Amino acid sequence: MNNFGIAIHGGAGTILKSEMTSEKEEAYKNALQAALDAGYNVLAQRSTSLEAVEAAVRSLEDCPLFNAGKGAVFNAEGQHEMDASIMEGKNLQAGAIAAVRNLKNPVSLAHKVLQFSDHVLLFGEGAEIFAKDHNIEFETDDYFYDQYRFDQWQKVKGSDTFVLDHSKEKKYLGTVGAVALDKEGNLAAATSTGGMTNKKFGRVGDSPIIGAGNYANNKTCAISCTGSGEYLMRSVTAYDVSCLMEYKGLSLKDASDEAILKRLTDIGGDGGLIAMDAQGNICMPFNCEGMYRASKNQNETIIEIYK
Ligand code: ASP
């Protein structure tokens, strides 16, 4: 049996260590554990890595602590516009949705796009109509209301500034994601986000862009990114890791470090990624104070927030 397993993230750029309390830390770690178990149990039952990453991301989307699904941040119009994607490494199939509103689990709609559409990326109202056609669950606006997110938005509302969730003042990072290797040796990746607080209406980040915030290829790796989306898109970060492995022969760790600690950092981007290769190796580099992250395989479970 191969070294099947899963890694997840709940966003780079965490609550500053100086502001973290033991209660909050426990709440984050419990939520990461629940998502990890949701994904790992799917793998243990011999289901696919695609189903495992969806299960893990759904669990994170249902938790208000993370900037995706229920916890999605407010855009400049006071709405929650969400982006998500999912990709299968064995055949390079992918599905993604951008700027959708009121969807309980955006990652499940991305999965439906992968399964039932000849397109890869559906946007806004068109994606919402597709969701209704496929019986995807919707929620009312108040399901997504969160006082903490609302207060974050009030600080920048009316300005041209858009900020990532949490972290240093005006440098908040969020998003959730999962990468997995199943018992058949297939990789998959999924990413879901509310984007950035006070982002322009219609702004789309890296998370639903295949190759930027999400990528999976059995020949190389599965990647889910988090951080400043404009920089991750310009660096084509997820695909960059895969290319560094495929064309340059780098290991998963060297390729991931190069993409985040060097290339993203050199152009001024903040963020990190989770990565897994076809041998089950996992790495989770980031260039900011913390990244909510966890991984589990047959040998160990890791749940961490700071460096
Ligand atoms: N990458 C996401 C975006 O730019 C945000 C994040 O990861 O915090 O939409």
Side-chain angles (χ1 to χ4, degrees), residues 8-16 28 57 60-61 63-69 71-76 79-86 96-101 106-107 110 121 123-124 148-149 152-153 156 161-179 189-215 223-241 259-260 264-265 267-275 284-293 305:
I8 61 171
H9 71 78
T14 48
I15 292 179
L16 288 177
Y28 277 102
V57 167
L60 294 164
E61 286 176 339
C63 175
L65 294 172
F66 304 108
N67 172 19
V73 297
F74 287 85
N75 73 3
Q79 302 161 342
H80 309 279
E81 282 189 323
M82 299 172 282
D83 303 335
S85 62
I86 193 163
I97 47 115
V100 294
R101 292 177 52 194
V107 71
L121 173 60
F123 171 84
Y148 177 69
R149 302 277 186 231
Q152 280 180 335
W153 175 47
V156 283
T161 309
F162 57 101
V163 290
L164 295 154
D165 189 32
H166 291 316
S167 229
K168 309 165 245 180
E169 195 60 25
K170 303 213 166 165
K171 282 232 174 183
Y172 308 114
L173 305 164
T175 290
V176 307
V179 293
T191 305
S192 178
T193 190
M196 295 161 77
T197 296
N198 208 42
K199 66 184 181 181
K200 285 255 182 297
F201 173 60
R203 177 265 187 188
V204 174
D206 61 299
S207 307
I209 307 298
I210 300 303
N214 200 66
Y215 192 70
I223 303 288
S224 171
C225 298
T226 170
S228 36
E230 278 65 14
Y231 292 82
L232 290 162
M233 281 190 275
R234 286 158 49 206
S235 311
V236 203
T237 301
Y239 187 56
D240 197 27
V241 177
I260 294 296
L264 183 70
T265 306
I267 62 165
D270 293 307
L273 58 79
I274 52 171
M284 310 192 265
F286 53 95
N287 69 0
C288 34
E289 183 165 318
M291 179 168 83
Y292 300 110
R293 61 197 188 280
I305 301 179

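Order of appearance sets the numbers: ligands from 1, and atoms from 1 within every ligand. What's counted below: heavy atoms across the whole structure, side chains too, no hydrogens, waters or symmetry copies. Being a predicted model, the structure only gives us computed values, none of them experimental.
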- Query: By number and element, which atoms of ligand 1 are closer than 4.0 Å to a non-hydrogen atom of M196?
  - Reply: 4 (O)
- Should T175 be counted as touching ligand 1, given the test is an N or O pair under 3.5 Å? yes
- Item | Short N or O distance, N67 and ligand 1, threshold 3.5 Å exclusive | no
- Min side-chain heavy-atom separation D206-T237 under 4.5 Å: no
- Parallel, tilted or perpendicular, as decided by the 30° and 60° cut-offs, for the rings of Y28 and F66: perpendicular
- Item | Check: I8 and V176 side chains under 4.5 Å, non-hydrogen atoms | no
- Task: Taking only Lys NZ, Arg NE, NH1 and NH2, and the carboxylate oxygens of Asp or Glu, determine whether E230 and R203 approach each other closer than 4.0 Å.
- Result: yes
- Query: Taking N or O atoms only and a 3.5 Å limit, does G229 qualify as a polar contact for ligand 1?
  - Reply: yes
- Note on the structure: Going by the 4.0 angstrom heavy-atom rule, the piece of E81 near ligand 1 is neither
- Item | Pairwise side-chain contact, L273 with P285, heavy-atom cut-off 4.5 Å (strictly under) | yes
- Task: Mind checking the OG1-CD1 spacing from T226 to I274? Nearest 0.5 Å is all I need.
- Result: 9.5 Å
- Message: For ligand 1, which is the ligand I care about here, please tell me if L232 has any N or O atom under 3.5 Å from one of the ligand's N or O atoms.
- Response: no
- Message: When you compare ligand 1 with T193, is there at least one nitrogen or oxygen pair between them that comes in under 3.5 angstrom?
- Response: no
- Please name all residues satisfying side-chain hydrogen bond (donor to acceptor under 3.5 Å, both in side chains) with H9, sequence neighbours left out, ordered by chain then number. S224
- Task: Determine the minimum heavy-atom distance between A275 and I223, stating which atoms define it.
- Result: CB-CD1, 3.4 Å
- Query: Can you tell me if G213 has a non-hydrogen atom under 4.0 Å from ligand 1?
  - Reply: no
- Task: Look at ligand 1 and say whether E230 reaches it with a heavy atom at a distance under 4.0 Å.
- Result: no
- Could you list the atoms of ligand 1 found under 4.0 angstrom from a heavy atom of T226? 6 (C), 7 (O), 8 (O)
- Message: Looking only at distances, can you tell me whether any N or O atom of D206, backbone or side chain, sits closer than 3.5 Å to an N or O atom of ligand 1?
- Response: yes
